[in-house]
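This is a predicted model, so every value here is computed, not measured. Side-chain atoms are counted along with the backbone in the values below, which use heavy atoms only and exclude waters and symmetry mates.
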Amino acid sequence: MSDVRRLIRDIDRGKNLQKNLPVYRNLLADTYLDYAAIELVFSSYLLVDSLPEYHEISPEERALCEEVISRLRRLIGSSREEIPQILKEFQEIRDQITKMMEQVTFYTDRLICYEYVLNRMKLRFNEDKEIKERVEDIEEEEFVNLLMAFVIAHEDQSIVRDRLQSLIGILPIHMTKNKLLEKIEQTVSLYKGSDVASLEGFAYMIRSAAMLHPLGESTDEEIDSFLKELERTDFKELDAKTYEGLCDELEQVSERIFEITDYYYSLQKVVNGCYAFGLVKLHNDKNTETQKISHQILSAVVKGELEEEELEKLEGKIEACVEQSSYLEAVLFEVKSSCQEVLKELDLEQEFEDYTRIANLLSDSLFVDLDEIDQEKIVDEQKAAQVAAELTEELSRKLTECKRPVKKAVMAAVLEKLPAGFPGTREVEEYIRTNLFGCQDVSEKAAAILELEQMMSEEETR
């Protein structure tokens, strides 16, 4: 490993690239060859093994899984000449799954907002005297001090920021629409001088939180129907029976979405593994011992004949690949972008393009965009103004259309995504007192207190 570190260090310094880059290329090719194969073995086995447990997925979704397994079967028996066409097919399937998951994500965004609305109404219909008495007995000074100790006292400032943002998302909202829009404009201005991709990521996150992304063509009639019911609901006029019915249906739909999401994650992991394995096989067709074992296991997986004990043959191998790849990837993307002339001279341009794709495909970001994003493009005054205007106009229109309970849910979700921006601890304390203990809606105040208690309790048990 010391030789690898020395090589990485020399490449990072731009030292002797004509000699070092081919050595680095060989290490990448060998590492990714086994890494992709092992990753594909375990992900495909887990998908096939868990498939009977998915009760909520549709016949079309099961058919997509069968298609992926069919393509996997072709891949493990393919020649190098056949791989490009197979990769093209996997790219199409990957795009299809990504599009479906995006729709499921938009469903989830909406359900989170409506769950917030229903949760804040809970104690209007809940006859649990113990909960009501406990909330009524809360002492303002004691609870504020407890929250302040939890949020502010942590020595890790990144954790303090995260807890502050969670706190803001839970506390009752006492803010005008214009003040929220102003905070968005201020946050966008912070991106001036950074790369455009970061700003666009922020804008996407705000649109998700505010339910601004259009659903497009319905992908699930049951979920779509429930969302339309929620949109029509006048929450101020709910009776206990209707409220309980909405809560029950929300729980059922949430379980369905959870299962669908888990299914698509498992499926995408296999697709990414196939894609990565195919790409590396284009540049490295060594038949290592790991390759032989992986081929045998994959052949059994696609036939549905694998015995779990066979996986023991690969135990401990994935850890070595992960460790090696983490060292190699420390300079991979920089080499690809900054050493283009040398790579061109060595005829390694396309190969390094593929290695960066493999790195992304084997990462935890299953739905990462594989098309190169221009990180060199910087946010200027005009771009910041354009994004701020678009976001504030869309959000303003959304808040105008929403009924008041939903409006508050949207504002809370958006606020949680913005920097807290408190000058000091006194302002944090004042914000808690004003928004929590100044709240006149007893049910909303109680729900926030219970949620804050849960947040602190969960952190303590981690």
Side-chain angles (χ1 to χ4, degrees), residues 1-43 75-76 78 80 83-84 86-87 90-91 94 269 271-295 298 314 316-366 368-373 375:
M1 189 59 74
S2 60
D3 291 341
V4 175
R5 290 174 180 165
R6 190 180 306 112
L7 176 68
I8 298 303
R9 186 169 59 249
D10 288 346
I11 290 174
D12 192 39
R13 294 171 178 172
K15 184 178 177 181
N16 201 5
L17 295 179
Q18 290 281 355
K19 177 183 177 182
N20 285 331
L21 285 181
V23 176
Y24 178 60
R25 174 266 168 206
N26 291 338
L27 285 169
L28 278 172
D30 288 347
T31 301
Y32 280 146
L33 181 68
D34 285 350
Y35 187 3
I38 298 170
E39 184 69 34
L40 181 55
V41 164
F42 283 99
S43 62
L75 177 64
I76 60 178
S78 64
R80 181 181 290 187
I83 290 178
I86 296 174
L87 291 181
F90 273 118
Q91 176 67 65
R94 189 176 188 275
K269 198 167 183 63
V271 170
N272 284 356
C274 289
Y275 202 153
F277 184 63
L279 279 174
V280 73
K281 290 289 281 185
L282 284 175
H283 307 291
N284 187 356
D285 59 356
K286 292 180 181 176
N287 193 20
T288 65
E289 185 62 27
T290 297
Q291 291 298 303
K292 294 175 184 176
I293 296 171
S294 298
H295 188 279
L298 286 170
L314 294 175
K317 295 183 180 293
I318 189 71
E319 290 80 7
C321 292
V322 170
E323 183 181 7
Q324 177 92 329
S325 66
S326 67
Y327 281 114
L328 296 174
E329 288 169 7
V331 294
L332 175 58
F333 290 87
E334 183 62 29
V335 166
K336 189 245 177 180
S337 62
S338 302
C339 304
Q340 292 180 356
E341 289 186 11
V342 180
L343 291 175
K344 188 174 182 179
E345 291 175 16
L346 296 170
D347 195 26
L348 290 175
E349 278 184 299
Q350 182 57 53
E351 197 162 340
F352 271 79
E353 174 74 34
D354 289 342
Y355 291 141
T356 57
R357 284 187 167 233
I358 292 168
N360 281 327
L361 287 163
L362 295 177
S363 74
D364 292 332
S365 302
L366 297 182
V368 64
D369 187 353
L370 297 179
D371 295 325
E372 183 176 359
I373 298 174
Q375 299 289 347

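We find the CZ-CG distance between Phe333 and Asn360 to be 4.0 Å, quoted to the nearest 0.5 Å. Here Leu75 contributes atom CG and Leu298 contributes atom CG; the two are 8.5 Å apart, rounded to the nearest 0.5 Å. The CZ atom of Arg9 sits 9.5 Å away from the CZ atom of Arg5 when rounded to the nearest 0.5 Å. Atoms CD1 and SG, on Ile76 and Cys274 in that order, are 9.0 Å from each other to the nearest 0.5 Å. Atom CZ of Arg25 is separated from atom CG of Leu348 by 7.0 Å, given to the nearest 0.5 angstrom. The OH atom of Tyr327 sits 12.5 Å away from the OG1 atom of Thr31 when rounded to the nearest 0.5 Å.
In summary, Asp354 and Arg357 do not engage in a salt bridge, as defined by a charged side-chain N under 4.0 Å from a carboxylate O. Ion pairing of Asp285 with Arg80 is present here, as a side-chain N (NZ or NE/NH1/NH2) and a carboxylate O approach within less than 4.0 Å.
The heavy-atom pair separating Ser294 from Ile38 by the smallest distance is OG-N, 4.3 Å. Closest approach of Ile83 and Ser78 over heavy atoms only: CG1-OG, 3.7 Å. Between Ala276 and Leu362, the closest heavy-atom pair is CB-CD2, 3.9 Å. When all heavy atoms of Gln291 and Leu33 are compared, the closest pair comes out as NE2-O, 2.9 Å. Residues Phe352 and Leu343 come closest through the heavy atom pair CD1-CD2, 3.6 Å.
Remark: Tyr35 pairs with no residue by the ring-ring contact (aromatic ring centres under 6.0 Å, His included) rule, at least two apart or across chains.
Considering only heavy atoms from C-beta on, Ile358 stays 4.5 Å or farther from His283 through its side chain. Side chains of Leu332 and Leu328 form no contact here, defined as non-hydrogen atoms less than 4.5 Å apart. Here the side chains of Phe277 and Glu39 are not in contact, with every heavy-atom distance at 4.5 Å or above. With contacts defined as side-chain heavy-atom distances shorter than 4.5 Å, the pair Gln91/Leu370 qualifies.
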Quiz: residues 14-23 side-chain donor-acceptor pairs under 3.5 angstrom, not counting sequence neighbours:
residue: Gln18; atom: NE2; partner: Glu345; partner atom: OE1; Å: 2.5
residue: Asn20; atom: ND2; partner: Lys15; partner atom: O; Å: 2.8
residue: Asn20; atom: ND2; partner: Asn16; partner atom: O; Å: 3.4

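Asn272 places a side-chain N or O within donor-acceptor distance of the main-chain N or O of Leu366, the cut-off being under 3.5 Å. For Gln324 (side chain) and Leu27 (main-chain N/O), no donor-acceptor pair under 3.5 Å exists by modelled atom type. Between the side chain of Ser338 and the backbone N or O of Val335, no donor-acceptor pair lies under 3.5 Å.
More than 12 non-hydrogen atoms from other residues, nucleotides or ligands lie less than 6.0 angstrom from CD of Glu319. At most 12 heavy atoms of other shown residues, nucleotides or ligands fall within 6.0 angstrom of atom CG in Asp347.
Evaluated for a side-chain hydrogen bond (donor to acceptor under 3.5 Å, both in side chains) with Asn284, the options Asn26, Asp30, Asp34 yield exactly one hit, Asp30.
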Please lay out, stage by stage, how Ile8 and Tyr24 fare under the test side-chain contact (heavy atoms from CB on, under 4.5 Å). CA-CA 8 Å; Ile8 298 303; Tyr24 178 60; 3.7 Å; yes

List the steps, then state whether side-chain contact (heavy atoms from CB on, under 4.5 Å) holds for Val342 with Leu346. CA-CA 6 Å; Val342 180; Leu346 296 170; 3.8 Å; yes

